[in-house]
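See below for the structure under consideration.
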Protein chains: 2
Amino acid sequence: MSRTAIRMIEMLRLIPREPRRISVGALGERLATLGHPTSARTIQRDLNTLSAHFPLVCDDRDHPYGWSWSRHAQARSLPGMDTPTALTFCMAETYLRDMLPASVVELMQPHFRQARETLEAAGNGLLAWEDKVRILPRHPPLLPPEVDPERMARVYEGLLRGRRLEVRYRPRSGEERAYYLSPQGLALRDAVIYLVASHRDYDDVVMFALHRFTAVTLTDEPARHLAGFDLDAWIARGGFDAHENDAPVGLVARFDADVGRHLLETPLSERQTVREAGDGRLEVTAPVKDTHQLRWWLRAFGPQVEVLEPAHLRREMAEAAEREARLYRRPRPEAG
Amino acid sequence: MSRTAIRMIEMLRLIPREPRRISVGALGERLATLGHPTSARTIQRDLNTLSAHFPLVCDDRDHPYGWSWSRHAQARSLPGMDTPTALTFCMAETYLRDMLPASVVELMQPHFRQARETLEAAGNGLLAWEDKVRILPRHPPLLPPEVDPERMARVYEGLLRGRRLEVRYRPRSGEERAYYLSPQGLALRDAVIYLVASHRDYDDVVMFALHRFTAVTLTDEPARHLAGFDLDAWIARGGFDAHENDAPVGLVARFDADVGRHLLETPLSERQTVREAGDGRLEVTAPVKDTHQLRWWLRAFGPQVEVLEPAHLRREMAEAAEREARLYRRPRPEAG
DNA sequence: GTCGCTGCGACACGAACTGTCGCATGCCGG
DNA sequence: CCGGCATGCGACAGTTCGTGTCGCAGCGAC
């Protein structure tokens with residue numbers, strides 16, 4: 001019963017977005033495997049019917065014709081999006097624009113468009129949500145590097161399907177070079193996406209910034225599986241000079257009252273405790289990982305935090321402050 | 001032609017997710033306004049047909065029955081999700097978990113589930129994407145506060161539809177109190193969501209952290225529209241003690257080579273220039289906004305950055321460093 | 001109880017969905 | 001240049017199945 005409607009929905013999900021395309025023949029095969037065997041003629045008819053209701057485009061420049069969703073079509077999700085979800089999508093978009101290259105965020109664009117559409121339908125058009133929502137980030141917006149969407153897609157495919165990649169890579173300094181990579185993982189830091197991969201038959205693993213690839217070809221060759229490789233362990237060993245140290249240390253630090261207060265809202269850990277120190281400051285105690293990020297975050301408070309424990313961290317912070325102060329005691333260097 | 005299939009798709013989008021429900025009658029009305037008038041009997045039949053293919057649930061505890069999508073149903077988007085997009089969704093989820101309260105991220109969960117499903121179908125199951133993607137955040141993960149999803153939804157509705165809210169609010173310190181709020185905007189900072197609103201007939205605008213509402217009722221009363229109110233201006237005037245200053249200043253700063261290098265990848269501004277200073281450091285010049293966040297970000301580099309221009313910022317940084325160094329020259333206070 | 005609403009089985013009519021056939025068109029190889 | 005092959009599409013006929021209507025039953029409310 002109602003095979004038609006279900007088949008059409010399935011069909012709409014099988015049709016890709018515009019740069020890519022699918023032929024009637026291919027659709028027929030995929031539908032058959034999904035349990036909707038039907039004749040090619042019927043599929044042709046269905047496509048014509050659907051294109052009257054959805055932004056489907058048919059590229060008839062060569063045979064067989066290629067069907068796609070319009071490049072500009074927004075997503076339509078089943079079930080439809082409710083307004084709280086739509087607002088969350090819009091907030092997420094704002095965040096992600098600072099965190100990911102534009103072409104990556106672009107991939108989610110059809111969903112963000114759907115969210116905006118939902119909001120416009122919900123609110124009385126005049127009061128646009130855009131005037132109503134603001135995000136105050138902690139750091140100034142850094143501009144994510146530009147990543148070529150085609151190449152990015154091929155890198156992702158290679159990683160997910162376990163295929164080798166033939167690439168050309170231009171390091172930050174030095175000559176462009178060809179590599180034959182077995183993808184092992186993906187890592188993000190500071191809006192830069194890195195492919196973690198091994199070259200040819202070497203066992204060591206290197207990282208490549210996605211935006212510095214100048215050519216990427218996806219091969220059918222299965223990628224080498226490095227037996228003992230573990231992305232977390234690799235990062236911890238310093239793959240990103242991140243030197244994650246999993247051992248939690250007991251942080252004790254005094255924050256000036258005004259800045260420390262936000263730690264009451266967004267605690268460092270579930271086991272965090274805060275007490276009023278005698279000197280008007282807030283003393284925060286929490287088990288945290290002893291990482292680079294911790295230092296980064298603590299230093300950002302400048303003189304508004306004083307680390308008490310652990311001793312080695314207090315010493316580090318003291319030295320850093322001392323060196324920084326010395327920096328400014330010297331005469332200002334001549335700007336270039 | 002093919003009215004049926006289109007109507008069914010429309011129907012699937014009108015059915016809400018499980019806590020909410022829709023009756024056959026209501027569906028009929030909504031469908032009619034969308035240009036699909038049909039009899040109630042047909043809708044009943046359609047629902048039965050669809051529930052064989054989609055996770056629809058029918059709550060038959062009372063009449064009229066209420067239809068919903070299962071609480072656990074993943075989203076299905078038209079067109080379907082391709083793997084690069086799916087991977088982006090998964091990365092986005094990881095980011096957002098640090099940025100937004102759990103219950104807010106929860107709203108996007110059906111979409112993330114769809115993304116994971118897509119990835120599992122794409123890769124050969126064994127090599128799960130979760131072992132392959134890592135995100136290295138700059139700051140230690142702060143735990144976003146818990147927000148009640150119901151209250152959050154009502155706050156969003158009030159904001160978007162311009163309705164007043166009757167709320168109870170428990171400030172960080174002090175007594176719980178009742179307010180009658182006209183929502184003016186939403187602001188996010190540090191994983192905390194703030195409603196910016198005016199109370200009763202007062203013209204001044206106050207902020208309320210979403211997670212500190214203890215009760216929220218959405219009324220039908222239209223919200224007061226504050227004539228000259230502008231969220232950006234309000235933030236700039238110090239609504240968040242953010243003191244945004246729109247005037248860009250010419251930042252000149254020297255970064256240690258290793259840390260400064262990442263600015264080549266993720267520049268501060270499109271008009272940023274970088275040159276090798278004589279002393280082995282990188283001198284970065286860029287027009288940036290003179291904000292709190294800028295200071296926060298610069299301080300995080302500690303002694304690895306020296307601000308040269310503008311003069312007032314150099315002075316500030318110098319003073320902060322000096323005060324921080326003094327902090328650590330004193331004997332360590334006794335931890336509590 | 002009785003009225004009204006709602007769900008649902010049954011039924012009959014007709015719309016429209018489907019496979020088949022045949023022709024036209026375009027591409028490719030000989 | 002020509003014939004074979006693949007693809008798109010109009011036409012047609014059979015029949016499936018989608019639809020409105022009707023009637024009955026269960027459930028609440030008054």
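Here is the naming used below: chain letters follow the sequence lines, and residue numbers restart at 1 for every chain. The basis for the numbers below is simple: all heavy atoms, side chains too, and nothing from hydrogens, waters or symmetry mates. Just so it is clear, the structure is predicted and the values come from calculations on it, not from any experiment.
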- Roughly, in whole Å, what's the span from CD1 in B:I22 to C1' in C:dT6? 16 Å

- Can you tell me if B:R76 uses its side chain to pair, donor with acceptor, with the backbone of B:Q74 under 3.5 Å? yes

- Query: What string of B, S and - do you get for nucleotides 6-12 of chain D, 5' to 3', when a contact is any protein heavy atom under 4.0 Å?
  - Reply: -SBBBB-

- Task: Output, in order, the C-alpha distance, side-chain angles, deciding distance and verdict of side-chain hydrogen bond (donor to acceptor under 3.5 Å, both in side chains) for B:T85 and B:D82.
- Result: CA-CA 6 Å; B:T85 307; B:D82 54 17; 2.4 Å; yes

For nucleotides 13-15 of chain C, list the nitrogen or oxygen atoms of the protein found under 3.5 Å from its nitrogen or oxygen atoms, one pair per line.
none

- Message: What's A:R7 touching, base or sugar-phosphate or nothing? Going by heavy atoms closer than 4.0 Å.
- Response: sugar-phosphate

- Query: Would you say a side-chain N or O of B:T4 is under 4.0 Å from OP1 or OP2 of D:dT19?
  - Reply: yes

- Query: Could you state the CG-P distance from B:D59 to C:dG7, rounded to the nearest angstrom?
  - Reply: 12 Å

- Query: Under 4.0 Å between a side-chain N/O of A:T38 and OP1 or OP2 of C:dT18, yes or no?
  - Reply: no

- Task: Taking ring-ring contact (aromatic ring centres under 6.0 Å, His included) as the test, write out the residues that go with A:W69, two or more places apart.
- Result: A:F54

- Note on the structure: Rounded to whole Å, CG of A:L50 lies from P of C:dC17 at a distance of 11 Å

- Task: Identify the two heavy atoms, one from B:I22 and one from B:L14, that lie closest to each other, and give their separation to 0.1 Å.
- Result: CD1-O, 4.0 Å

- Note on the structure: Taken in chain and number order and not counting sequence neighbours, the residues that satisfy ring-ring contact (aromatic ring centres under 6.0 Å, His included) with A:Y65 are A:H63

- Item | For atom CG of B:L47 and atom C1' of C:dT6, their distance in whole Å | 14 Å

- Item | Atom-pair distance (CE on B:M8; P on C:dA16), nearest Å | 15 Å

- Message: Regarding B:E18 and B:R71, does a basic nitrogen lie under 4.0 Å from an acidic carboxylate oxygen?
- Response: yes

- For the pair made of CG in A:D46 and P in C:dG19, what is the distance, rounded to whole Å? 10 Å

- Just jot down the ring-ring contact (aromatic ring centres under 6.0 Å, His included) partners of A:H36, sequence neighbours excluded, or say none. none

- Atom CG of B:L27 and atom C1' of C:dT6 are separated, to the nearest Å, by 15 Å

- ring-ring contact (aromatic ring centres under 6.0 Å, His included) partners of B:Y202, counting only residues at least two apart: B:H199

- Relative to B:F208, does B:R212 satisfy both conditions: NZ or CZ under 6.0 angstrom from the six-membered ring centre, and within 45 degrees of the ring's axis? no

